[in-house]
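Here is the structure we will look at, set down as structure tokens.
First listed ligand is number 1; within each ligand, the first listed atom is number 1. Not measured: the values here are computed from a predicted model. Any value given below was found using the heavy atoms of this structure, including those in side chains, with hydrogens, waters and symmetry copies removed.
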Amino acid sequence: MEFNTIIEPFKIHSVAPIAMTTENQRNRYIEDAGYNLFSLHSDDVLIDLLTDSGTGAMSRNQWAAIQHGDESYAGSPSWLIFKEAVQNLFPFEHVIPTHQGRAAEKILFTAIGGEGKVIPSNTHFDTTRANIEYSKARAVDLVIAEGRDPANLHPFKGNMDLVALEKFINETGVENIPVVMMTITNNSGGGQPVSLENLRGVSQICKRYSIPFFLDACRFAENAWFIKEREAGQSNRDVADIVREIASLADGMTMSAKKDPLGNIGGWLALNDEELASTCRNLLILTEGFPTYGGLAGRDLEALAVGLTEVISHDYLKYRIRSTAYLGNALAKIGIPVVQPIGGHAVYIDAKAFLPHIAPLEYPGQSLAVELYRVGGIRGCEIGTVMFGRQPDGSEVPAAMELVRLAIPRRTYTQSHIDYVIEVCEEVARRASSFRGYVITKEPAALRHFTSEFAPL
Ligand SMILES: *Cc1c(COP(=O)(O)O)cnc(C)c1O
């Protein structure tokens, strides 16, 4: 008998308090924060859905592993435990530990990027794009057309457009493409998965042209679960087996261990090429640390090794993906437009459709994010014109989509927390026609969404 209620496949072992606040208090806090949710004190947030990065709860076995951590500078046993756990799923020759994902990206693109180089992906995550562009290379997104349409129900909206990839390679020239990347799941595209068939297709094209193929594998387990659930012929496979097949298609990977490896910090770069690994290790020593700890303490390495065994549990993944869909489907049911199908780690509200009376340059996503906080103390993240609107030439252009992301931290909130979020969203929907836009009153030179200040119109 299969029941509908999603019970968390864990019980609470250690708790952190949530301080209750009133709408009046929150009105003051958000005004004091210049209407920027990044400027709030997190103690003043009831349900924090700003990001799923590093915000998950570790298990008792991970905390126990922290005690087992060995802090030897070189050759620590904790390093060997970590390396084995990574290679168990991703059997690349060389594993290079970093303090988080962007450090792995920085090292990789310092080694292989540079002027004249172009790096295609389904969709580059923002730190990946920034690190590519900082090296003076160009980042190109080649996701399938369905992946750009919020309402399209394609089961693998993270897929690469294989025809476009091959055309791109022929036009750009193999010598200018140091690597092809694939982000699994496609974070910037709504946490949408990539099919195994598509990964095989990209791998074949890369082999045919002798271009290395790297994964940005932050949410590899969530992606593998979607493959198991949605792809023909995959339903009887073990997730670990699917992950190993994905790894076997690639030549290397960058990783943020703050996502699926269930850590609060960490990352790695892994690859097969001996010479490139040696270049990367030399860069690692400059900015991160000695190759057997990189940017991490021995205890972090041990916690991640345990996290890698827990995240591939079918019970965990079933709960994880179902509980994200539970929130998304409930919002859709009460008439709030959300990106479909619901992704793995977050629900994305389409603020353009939800608040059609607010013009894109008056930031409908920011308005919605502020109201979610005011009404219910929920912190989401605007992913729209505030984040992407300012152009390198100084002009301001509306973003392609005006989204508010509600990212779900791993193993952190219970179904009653999520039921509360749904109830708050219902009230927000009732008040929606009264919401107004914003102007930016103070703006930094770059990455304005983090520190800008706003005023209501
Ligand atoms: C988070 C993330 C990164 C960057 O990792 P950090 O640990 O935040 O530096 C890269 N790619 C994707 C897809 C991510 O989600």
> Do Tyr363 and Glu382 have a side chain donor and acceptor closer than 3.5 Å?
Replying inline: no

>> We want to know whether Asp70 and Ser72 form a side-chain donor-acceptor pair, criterion being a heavy-atom distance below 3.5 angstrom.
In response: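 Looking only at side-chain atoms, Ser72 and Asp70 do form a donor-acceptor pair, the distance falling under 3.5 Å.
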
>> Can you list everything that forms a side chain to side chain contact (heavy atoms under 4.5 Å, CB included) with Thr183? Sequence neighbours excluded, please.
In response: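 Counting only residues at least two positions away or on another chain, Thr183 forms a side chain to side chain contact (heavy atoms under 4.5 Å, CB included) with Ser121, Asn122, Asn186, Asp216.
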
> Any idea which residues sit under 4.0 Å from ligand 1, heavy-atom distances?
Replying inline: Gln100, Gly101, Arg102, Glu105, Phe125, Thr127, Thr183, Asn187, Asp216, Cys218, Arg219, Ser256, Lys258, Lys259

> Taking the six-membered ring for Trp, are Trp225 and His314 parallel (under 30°), tilted (30 to 60°) or perpendicular (over 60°)?
Replying inline: perpendicular

>> Salt bridge or not between Arg410 and Asp52? Use side-chain N to carboxylate O under 4.0 Å.
In response: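 A salt bridge is present here (some side-chain N lies under 4.0 Å from a carboxylate O).
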
>> Under the criterion salt bridge (Lys or Arg N to Asp or Glu O under 4.0 Å), I'd like the reasoning laid out for Arg411 against Glu8: C-alpha separation, chi angles, the key distance, then a yes or no.
In response: CA-CA 8 Å; Arg411 305 190 294 204; Glu8 291 80 13; over 6 Å; no

